[in-house]
J.: 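The structure's right below; bear with me while I get my questions together.
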Amino acid sequence: MHKKIASDAAAAALSSTLLDWYDAHARVMPWRVGPAERAAGTRPDPYRVWLSEVMLQQTTVAAVRDYFRAFTDRWPRVTDLAAAADADVMAAWAGLGYYARARNLLKCARVVTQDHGGRFPDTAEGLRALPGIGPYTSAAIAAIAFDRPETVVDGNVERVMARLRGIETPLPPAKPELTEAAAALTPDKRPGDYAQAVMDLGATICTPRNPACGICPWRDPCVARATGIAAELPRKLPKKPKPTRFGLVYVARHPDGAWLLETRPDRGLLGGMLAYPSTDWTEEAPADAPPVAADWHDPALEVRHTFTHFHLRLALRTAITDAPPARGRFVPRAAFRPADLPTVFRKAHDLAAAHLDTGFPSPL
DNA sequence: CACCCGTGGGT
DNA sequence: TACCCAAGGGT
């Protein structure tokens, strides 16, 4: 995308300083090639770079680690992932959030396998055409896996550039300006290490709240540090308040112990995920709409959960019935793992399971 | 372009 | 508690 590279001595000195810092402080991560391996000529595996970058979208390193290991243990190559069942991949992603990423991950693996012979395109443009790969991820894979001098711009880079250059334009309007600042510093040597260096800097030193300017490799050239406003940058436009929505969630068990579950439609919130049947989630309390005929109980318990753009309060309903469900299917106890549910439904499960174990007249 | 789309940790 | 934040992409 952004092919402009460091063109003057000052920019080259800045990127060189940061690469020196990176060589001394790079964090160890499961998807990174260590210095010894790199010295031996080992290149990063594009599949692992891609998988880690998609998992890391809007997500912390700590949250990703175990998922990355689980995925690469189970599906070591992109062709293995392409051959996986949709439900297995969605279940393995459960809890990580932004489930469209998992749907696009699988689409992408299948396109790479079927249309590209199992090999990822080695340019940002080629990568950008794949499902779930946008401006950031295409540049990151091209730089890290294929040594292309692409400019990688994520939230860390935006924050670091705003401070380094003292850019006070608020986000998101500042995006083009910050991207230009980042492009002017991108080196043509070791662009992948440089990209990871800026992101590591943002994650460990140039942090959102209390930046550790005293130990920053860029403390001397940093404009915001000089003017004392580092912690205030980048400025951001105010956000819209989150409304609260309400709904009912139905947890039914068959006398044989099976749970009544459904797979949500591919599009929209929690798309493609395993779930308990529920009403629509609306700002006015919705009407009761049980998925199966039963003597439904109201345990007076509520699940509270906050999504990206609204708060949710779900009233719990429980039942035990062997009636044929109008919606969803009974999943045998042995075939159901609560960890396969997205978090809001895992909360509902935990609440219902505790209730069914104690206060509910259950034959189970 | 504005909006939609999760989650867990930090303050 | 309530808010902020994270290695964004799709529509």
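Every chain is numbered from 1, with letters handed out A, B, ... down the list of sequences.
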J.: NA contact type, A:Thr308, heavy-atom cut-off 4.0 Å: base, sugar-phosphate, or nothing?
T.: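 Counting heavy atoms under 4.0 Å across all strands, the contact made by A:Thr308 includes a base.
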J.: Mind checking if A:Gly271 touches a base, just sugar-phosphate, or nothing, with heavy atoms under 4.0 Å?
T.: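 Answer is nothing: A:Gly271 stays at 4.0 Å or more from every strand.
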J.: Looking at A:Lys189, I want to see if its NZ is surrounded by more than 12 non-hydrogen atoms of other residues, nucleotides or ligands under 6.0 Å.
T.: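 Not more than 12 within 6.0 Å, no.
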J.: In whole Å, I'd like the distance from the CG atom of A:Asp66 to the C1' atom of B:dG8.
T.: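 So the CG-C1' distance, A:Asp66 to B:dG8, works out to 13 Å.
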J.: Nearest whole angstrom, please: distance from the P of B:dG8 to the NZ of A:Lys347.
T.: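 After rounding, the reported distance stands at 7 Å.
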J.: Are more than 12 heavy atoms, taken from residues, nucleotides or ligands other than A:Arg43, located less than 6.0 Å from that residue's CZ atom?
T.: yes
J.: Tell me what A:Leu96 touches on the nucleic acid: a base, only sugar-phosphate, or nothing, going by heavy atoms under 4.0 Å.
T.: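 Base contact - A:Leu96 has a heavy atom under 4.0 Å of at least one base atom.
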J.: Reckon A:Tyr99 has a side-chain N or O less than 4.0 Å from the OP1 or OP2 of B:dT7?
T.: yes
J.: Can you tell me the distance, in whole Å, between the OH atom of A:Tyr98 and the C1' atom of B:dC5?
T.: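 Rounded to the whole Å, the gap is 5 Å.
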J.: A:Arg346 side chain: which of B:dG6, C:dA6, B:dG8 is closest?
T.: B:dG8
J.: From C-beta outward on A:Arg267, which listed nucleotide comes closest to its side chain: B:dG8, B:dG6, C:dT11?
T.: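 The answer is C:dT11, which lies nearest to the side chain.
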J.: Is there a side-chain contact between A:Glu177 and A:Thr179 in this structure, where contact means two heavy atoms from C-beta onward sitting under 4.5 Å apart?
T.: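 A:Glu177 vs A:Thr179: side chains apart.
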J.: Using heavy-atom distances to pick each residue's nearest nucleotide on DNA chain B, tell me which of A:Ala63 and A:Asn210 is more 5'.
T.: A:Ala63
J.: Tell me: CG of A:Leu130 to P of C:dG10, nearest whole Å?
T.: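 Rounding to the nearest Å, CG of A:Leu130 and P of C:dG10 are 10 Å apart.
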J.: By nearest atom, which of the nucleotides B:dT7, C:dG10, B:dC5 is closest to the A:Arg128 side chain?
T.: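 It is C:dG10.
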J.: Would you confirm whether the ring centroid of A:Phe120 sits within less than 6.0 angstrom of the ring centroid of A:Trp50?
T.: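 They qualify: ring centres under 6.0 Å apart.
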J.: Does C:dG9 have a Watson-Crick or wobble mate here (both distances under 3.5 Å), and if so which one?
T.: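 Pairing partner, where one exists within any strand: B:dC4.
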J.: Which whole-number value in Å describes the distance from A:Leu56 CG to B:dG6 P?
T.: 18 Å
J.: Of the listed nucleotides (B:dG8, C:dG10, B:dG6), which one gets closest to any side-chain atom of A:Asn104?
T.: C:dG10
J.: Closest to the A:His309 side chain: C:dC5, B:dC5, B:dG6?
T.: B:dC5
J.: What nucleotide, of C:dA6, C:dG9, B:dG6, holds the atom closest to the side chain of A:Pro135?
T.: C:dG9
J.: Say we look at C:dG9 and B:dG8: how far apart would their P atoms be, to the nearest angstrom?
T.: 22 Å
J.: If only side-chain N and O atoms of A:Lys239 are considered, is one of them under 4.0 Å from the OP1 or OP2 phosphate oxygen of C:dC4?
T.: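 Result: no.
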J.: Looking for any heavy atom pair under 4.0 Å, which part of the strands does A:Arg103 touch: base, sugar-phosphate only, or nothing?
T.: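 Touches nothing.
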J.: Around atom CZ of A:Arg119, are there more than 12 heavy atoms of other residues, nucleotides or ligands at under 6.0 Å?
T.: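 Count not over threshold, so no.
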J.: Measure from the side-chain heavy atoms of A:Thr343 and tell me the nearest of B:dT7, B:dG10, C:dA6.
T.: B:dT7
J.: Compute the centroid of each ring, for A:His311 and then for A:Phe246, and state whether the two points are separated by less than 6.0 Å.
T.: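 Ring-ring flag for A:His311/A:Phe246: false, centres at least 6.0 Å apart.
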J.: Under 4.0 Å between any heavy atoms, over every strand shown, what does A:Thr137 touch: base, sugar-phosphate, or nothing? Just pick one.
T.: sugar-phosphate
J.: Please confirm whether any donor atom in the side chain of A:Tyr136 sits under 3.5 Å from an acceptor in the base of C:dG8, or the reverse.
T.: no
J.: How many Å lie between CZ on A:Arg101 and C1' on C:dG9, as a whole number?
T.: 10 Å
J.: Would you name the heavy atoms of A:Thr207 and A:Arg163 that are closest together and state the gap between them?
T.: O-NH1, 2.8 Å
J.: Can you find a donor-acceptor N/O pair under 3.5 angstrom joining the side chain of A:Thr59 to the base of B:dG6?
T.: yes
J.: Which nucleotide in the list C:dG9, B:dC5, C:dA6 gets nearest to the side chain of A:Gln57?
T.: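 That would be C:dG9.
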J.: State whether A:Gln58 places a side-chain N or O below 4.0 Å from either non-bridging phosphate oxygen (OP1 or OP2) of C:dA6.
T.: no
J.: In whole angstrom, what separates A:Met90's CE from B:dC5's C1'?
T.: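 Whole-Å distance recorded here is 12 Å.
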J.: Classify the nucleic acid contact of A:Met273 as base, sugar-phosphate or nothing, counting any heavy atom under 4.0 Å across all strands shown.
T.: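 If one applies the 4.0 Å heavy-atom cut-off, A:Met273 turns out to touch nothing in the nucleic acid.
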J.: Hey, which of these two, A:Glu53 or A:Lys107, hits DNA chain C nearer its 5' end, going by closest nucleotide?
T.: A:Glu53
J.: Rounded to the Å, how far apart are A:Lys236 NZ and C:dC3 P?
T.: 16 Å
